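Presented below is the structure to which this report refers.
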Amino acid sequence: MNPLDARALDQLFLKARTVNGFQDTPITAEKLVELYELFKWGPTSMNCQPARFVFAASQAAKRRLKPALSAGNVDKTMAAPATAIVAWDSRFFELLPAQFPAGPQAGKRFAENPPAAEIAGRLNATLTGAYMMLAARALGLSCGPMAGFDNAKVDAEFFPDGRWRSLFLCNLGVGDSAKTRPRGPRLTFGEACRLL
Ligand SMILES: Cc1cc2nc3c(=O)[nH]c(=O)nc-3n(C[C@H](O)[C@H](O)[C@H](O)COP(=O)(O)O)c2cc1C
């Protein structure tokens, strides 16, 4: 496998920024399908794929989201071309027999152990949300992830049967760099890593 070139690394990481504003370019259903078809290949444990996504791209859908948003997240979310609700399916394991034929008992083990299912569901769905953000950058989109919202309100509004449960929100679109805040530093290797 060859390393990506410098331009690709800039686009994915080094010059990629969390954005707070977007250009007036709508995000099409076809682009969201293209995005899913890319990020779905990111790995999950036992290929369990617990992540679920609602893309709120219409004003009607945004209005349903609005009451759950923290004050500082309202304007940019209402103006974003689309907002992904990244969620996990609390019954993801029912699909495991088809998705992980190598371990035919895995689904049953999760069904019998709800705490283990929740740990695996949240971990792997969060990972897939991160794959979504990197895939979006790879396709030339920008992301504005948000934890500043009321999960219970989002779940009551969008997932009233209780099966899917929200993890985080992510505004998506073509970024407007004028609205980007100065970049914060990152921890050094020595602060964040141990080499044993
Ligand atoms: C899971 C997650 C939740 C976040 N929640 C919020 C939020 O609620 N509101 C907000 O304005 N920014 C939020 N952010 C944005 C972060 O502050 C931002 O990604 C971080 O400072 C790095 O910025 P940079 O990518 O431009 O370097 C969130 C980011 C992540 C990954």
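Heads up: numbering here begins at 1 and tracks the sequence. Note that the structure is predicted; figures quoted are calculated from it, not measured.
Panel note: side chain N124, backbone A120; a donor-acceptor pair is recorded below 3.5 Å. Side chain of N171 to main chain of A80: no donor-acceptor pair is present (N/O by atom type, distance under 3.5 Å, no hydrogens or angles). Between the Y131 side chain and the P43 main chain, a donor and an acceptor come within less than 3.5 Å of each other. A distance-only check finds no donor-acceptor pair linking the side chain of E37 to the backbone of L35 [under 3.5 Å]. In this structure, the side chain of Q23 does not engage the main chain of V174 through any donor-acceptor pair within 3.5 Å.
More than 12 heavy atoms of other shown residues, nucleotides or ligands fall within 6.0 angstrom of atom CZ in R183. Counted within 6.0 Å of NZ on K15, heavy atoms from surrounding residues, nucleotides or ligands total 12 or fewer; the atom is thus considered open.
Under the 30°/60° scheme for interplanar angles, the aromatic rings of F39 and Y36 are found to stand perpendicular.
Salt bridge E191/R186: absent, no basic N to carboxylate O contact under 4.0 Å. Ion pairing of D155 with R165 is absent here, as no side-chain N (NZ or NE/NH1/NH2) approaches a carboxylate O to less than 4.0 Å. With respect to the salt-bridge test (charged N to carboxylate O, under 4.0 angstrom), the residues R109 and E112 do not qualify.
The line from CE of M133 to CZ of R137 is 7.5 Å long, rounded to the nearest 0.5 Å. Here OG1 of T83 is found 7.5 Å from CG of L172. Values are rounded to the nearest 0.5 Å. A distance of 11.5 Å separates CG of L65 from NZ of K153, quoted to the nearest 0.5 Å. Going from atom CG of L4 over to atom CD of Q11 covers 10.5 Å, rounded to the nearest 0.5 Å.
If you chain together hydrophobic residues whose side chains sit under 4.5 Å apart, F149 and V54 fall into the same group. With hydrophobic clusters built from ILVMFWY side chains whose heavy atoms lie under 4.5 angstrom apart, F168 does not share a cluster with W164.
Scanning both residues, G162 and S90, for their nearest heavy atoms gives O-OG, 3.9 Å.
Pairs engaging residues 109-130 under the ring pair (Phe, Tyr, Trp, His ring centres under 6.0 Å) rule: F92-F110 [sequence neighbours left out]. A side-chain hydrogen bond (donor to acceptor under 3.5 Å, both in side chains) check over residues 62-72, counting only residues at least two apart or in different chains, returns the pairs R64-E157.
Residues forming a side-chain contact (heavy atoms from CB on, under 4.5 Å) with A156 (at least two apart in sequence, or on another chain): none.
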